[in-house]
Amino acid sequence: MKNIIFLGPPGAGKGTQAKVAVERTGLTHVSTGDLFRAALREGTPLGLKAKSYMDKGELVPDDVVIDMLLERLEQPDITAGVIFDGFPRTLEQARALDETLERRGAQIAAVLLFAVEDEVLVQRISGRLTSKTTGEVYNRYFNPPRDAAGNDISDSDEYYQRPDDNEETVRNRLRVYHNQTSPLIAYYRERGVLHELDGQQEMADVTRQMLEVIGA
Ligand code: AMP
């Protein structure tokens, strides 16, 4: 079982790069943000509980996130290993992950830190668009969705902006990242598994570096 963590602030490219990594490695993509959004769409108690935190750009409490994650790791598609995207986000979550992997005789092979400056993140996130049918993520400014003739179709009903992708919530998400998540950088560096990537390069260059680090 090979486990890799994609660490970094919101908008750093973790989700986009995770999709490429999954295609190349056969590992399973586990995004706790996607799991919460799916729970919310289905209207489950978990989704409703997470919503108030997500709307404010706060972290969902550790016990809720950890329970959901452990349950996800029980699914049969996990055998080859996981690309963790957006988890862990606190030291408590990191410790819980270490414990559960240890119980399975597994460990974390690599942690990739996607480094991007705050102002770049705010701009990126404010342009982020998701396709309702494919879930594919675009960017109004940097990578707009296009029709067959090449016209920019960012304003089509097919694409929506995540409710927590507005500037005020994004600024709070960045504060939360710096306060609660960035201590994980030292945590994994001390374990010798941290690899820092320049997330501000062209997307293809980030992908190349990412694939090199994960050995794909
Ligand atoms: P993301 O899609 O990773 O940006 O996550 C969206 C929102 O879901 C976050 O702003 C949090 O409210 C919540 N969330 C996702 N993952 C976690 C986590 N590991 N710990 C706490 N909250 C999380």
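Not measured: the values here are computed from a predicted model. Just follow the structure's listing: the first ligand is 1, and inside any ligand the first atom is 1.
- The ring of Y138 has its center closer than 6.0 angstrom to the ring center of Y159.
- A continuous path of Ile, Leu, Val, Met, Phe, Trp and Tyr side chains, each step under 4.5 Å between heavy atoms, connects I214 with V206, placing both in one hydrophobic cluster.
- Considering backbone and side-chain N/O atoms, V60 comes within less than 3.5 Å of an N/O atom of ligand 1.
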Quick one: side chains of residues 192-200, donor-acceptor pairs under 3.5 Å with protein atoms, not counting sequence neighbours, listed by atom name and distance.
residue: D198; atom: OD1; partner: Q200; partner atom: N; Å: 2.9
residue: Q200; atom: OE1; partner: E117; partner atom: N; Å: 2.6

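- Scanning R89, M54, R173 for the heavy atom closest to atom 5 (O) of ligand 1 points to R89.
- Distance alone, capped at 3.5 Å, is enough to place a donor-acceptor pair between the Q93 side chain and the R89 backbone.
- In this structure, R162 has a heavy atom closer than 4.0 Å to ligand 1.
- Of the protein's heavy atoms, T32 OG1, 2.7 Å lies nearest to atom 16 (N) of ligand 1.
- For ligand 1, the polar-atom distance check finds an N/O of E58 within less than 3.5 Å of one of the ligand's N/O atoms.
- Applying the salt bridge (charged side-chain N to carboxylate O under 4.0 Å, His left out) definition to pairs two or more places apart or across chains, those involving residues 48-67 are K51-D55.
- Heavy-atom proximity to V65, at under 4.0 Å, picks out these atoms of ligand 1: 18 (C), 19 (N), 20 (N), 21 (C).
- Applying the 4.0 Å criterion to heavy atoms of Q93 picks out, from ligand 1, the atoms 18 (C), 19 (N), 20 (N), 21 (C).
- In the vicinity of G86, heavy-atom distances shorter than 4.0 Å reach the ligand 1 atoms 16 (N), 17 (C), 18 (C), 19 (N).
- For E158, the CD atom is densely surrounded, since the number of other residues' heavy atoms within 6.0 Å is greater than 12.
- Counting only N and O atoms by type, the side chains of H29 and D34 include no donor and acceptor under 3.5 Å apart.
- Proximity of R37 to ligand 1 is established by a heavy-atom distance of less than 4.0 Å.
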